[in-house]
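Quick notes on the structure that follows.
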Number of protein chains: 2
Amino acid sequence: MSKSIVIVDDHVLFGQSLKGLVDSFDDYRVKAVYKNGKELQENLRKMDLRPDLILLDIRMPVMDGLQTMQWLKQEFPKQKAMALTMEDDEEILLKMLGLGCRGYLVKDIDPDKFKQALDSVVDTGYYVDKEVMEELERKERSKEQFSEREIEFLQYVCTEMTYKEIAAEMRLSPKTIDGYRESLFVKLDIKSRVGLAVYAIKNNFCTI
Amino acid sequence: MSKSIVIVDDHVLFGQSLKGLVDSFDDYRVKAVYKNGKELQENLRKMDLRPDLILLDIRMPVMDGLQTMQWLKQEFPKQKAMALTMEDDEEILLKMLGLGCRGYLVKDIDPDKFKQALDSVVDTGYYVDKEVMEELERKERSKEQFSEREIEFLQYVCTEMTYKEIAAEMRLSPKTIDGYRESLFVKLDIKSRVGLAVYAIKNNFCTI
DNA sequence: ATTGCAAAGGGGAAAAACACCCTTTTTTGC
DNA sequence: GCAAAAAAGGGTGTTTTTCCCCTTTGCAAT
């Protein structure tokens, strides 16, 4: 039976083209192509779709690879997913692996190797060395990680809303927001809201 | 007769996938896929290959889109080429257009629009995304309305420095900085430093 | 010379952000 | 169920940012 694949990539042209390529492999079928994590989220929830593998672009505007992976890990811990990146940003990659991502591909891989990587992930579960992965996973998890609420909060920090307004929007006490802010300052070694905003932008926690 | 296309993109996976997509259009055929400008150069010279359109990635390691376009303009002034970019970097885009590039596509265009763009370039000679163009003009216009000092100041707003510290750095009174801030708030219809920081980042007044 | 105008600098008050230390409620893992 | 941990909320004081209205300086044009 052929393996089902879901592609998540904001570059529609690439996503659709990749679908064409994958479909040309006898033993793989692309079940869907989504533009961002949010679309995946919605469709994974309602449609009883459990693909053998999700190919996840890292840089996406609405809900990026990291966020999506974080969500996937919580909601569908067994779901296999693989990062698909443009440039290999080590930091983000490490985070992805830490979140249980099964491997990663840079987009300049050639189609043959790509096929091999797919086979490897679907069969063995991993594309790169298993032990290294597990090691990384343990290390990363203990490192910095944000709570759901903190991540949600990060989406507001690069707007012109005051903390009070953000609190209202999130239906929380301003004091709680103050707590998130404080917690993030410590975790990220940041001292001001501007620093937080820049971090959020850099790491795709918000769209500007 | 079907139109011939050449794709130049260092991301082999993307290039090959795109080839698949283009070949799926009845009236187009991909004659070749190259990894960079140099490959294109060599092949365009020796093989008597004159495609109807060259799709040119901008960011490539060996010989990038700009260089390639420059060479094309000299060697084959009539050759139609179109930029294919990941993120829309205005500056480079402007240069490309200056070099006679026939249009530009961001890679998150959807396949239908992509097809339309191809048709447009091959038929009319040009394709430019309207929104992108308007965005570009707006940004360019806005750049000239700041003073030298204000622009210098903008480079500091997305750091964690306080205004007082920025003033010290610029050897100005904090009150003067306050004036720049105020002036920029009015000009840009912004109400907070975060807004200013986001503006500065968006419009490349500072690097993050 | 004088008007004209923009950049630079200032005072002071109110709002927002930051910091630190603390309590209550809710989850979560045996 | 219970203890531990995480999330949410609180009090209070300091610093920074924001806002408005004001003075001085320098330069430029008629």
query = Taking only residues two or more places apart in sequence or in another chain, which ones pass ring-ring contact (aromatic ring centres under 6.0 Å, His included) with F153(B)?
reply = none
remark   = Residue set satisfying side-chain hydrogen bond (donor to acceptor under 3.5 Å, both in side chains) with D178(A), at least two apart, ordered chain then number -> R181(A)
request  = Please report, rounded to the nearest Å, how far the P atom of dA7(D) is from the CD1 atom of I151(A).
outcome  = 11 Å
query = So does R149(A) get a side-chain nitrogen or oxygen closer than 4.0 Å to the phosphate oxygens (OP1/OP2) of dA7(D)?
reply = no
key: Under 3.5 Å donor-acceptor, Q67(B) side chain and M63(B) backbone   = no
key: Any donor-acceptor pair under 3.5 Å from S17(B) side chain to L13(B) backbone   = yes
request  = Check ring-ring contact (aromatic ring centres under 6.0 Å, His included) between F14(B) and all other residues, then give those that pass, not counting sequence neighbours.
outcome  = F14(A)
remark   = Heavy-atom contacts, protein to nucleotides 21-26 of chain D, under 4.0 Å, summarised as B (base), S (sugar-phosphate only) or - (none) per nt, yield ------
query = Rounding to a whole Å, what distance do you find between K187(A):NZ and dA6(D):C1'?
reply = 10 Å
request  = Could you list by number each residue of residues 156-168 of chain A showing a heavy-atom separation from DNA chain D of less than 4.0 Å, or answer none if no residue does?
outcome  = none
ask   = What is the distance from CG of D178(A) to C1' of dT16(D), rounded to the nearest Å?
value = 15 Å
note = Sequence neighbours excluded, the answer for side-chain contact (heavy atoms from CB on, under 4.5 Å) partners of D23(B) is K19(B), R29(B), V30(B)
task = Give a yes or no answer on whether the side chain of Y199(B) reaches the backbone of F205(B) with a donor-acceptor pair at less than 3.5 Å.
result = no
ask   = More than 12 heavy atoms of other residues, nucleotides or ligands under 6.0 Å from CG of D123(B): is that the case?
value = yes
request  = Sequence neighbours left out, what passes disulfide bond (SG atoms under 2.5 Å apart) with C101(B)? Give chain and number order.
outcome  = none
message = For D110(B), give me all partners under side-chain hydrogen bond (donor to acceptor under 3.5 Å, both in side chains), at least two apart in sequence or on another chain.
response = none
query = Which whole-number value in Å describes the distance from F185(B) CZ to dC19(D) P?
reply = 6 Å
request  = List for me each residue that meets side-chain contact (heavy atoms from CB on, under 4.5 Å) alongside S183(B), sequence neighbours excluded, and say none if there are none.
outcome  = E150(B), K187(B)
Give the table of side-chain donor-acceptor pairs shorter than 3.5 Å for residues 77-84 of chain A, with sequence neighbours excluded, one pair per line with atom names and distance.
from	atom 1	to	atom 2	distance (Å)
Q79(A)	NE2	P51(A)	O	3.0
K80(A)	NZ	V122(A)	O	3.1

request  = Rounding to 10 degrees, work out the angle separating the end axes of the helix from dA1(C)-dT30(D) to dC30(C)-dG1(D) (five pairs an end).
outcome  = 50°
Span of DNA chain C in contact with chain B (heavy atoms, under 4.0 Å) = dA8(C) to dG12(C)
request  = Give me the ring orientation class for W71(A) and F76(A): parallel if the planes are under 30° apart, tilted from 30 to 60°, perpendicular past 60°.
outcome  = perpendicular
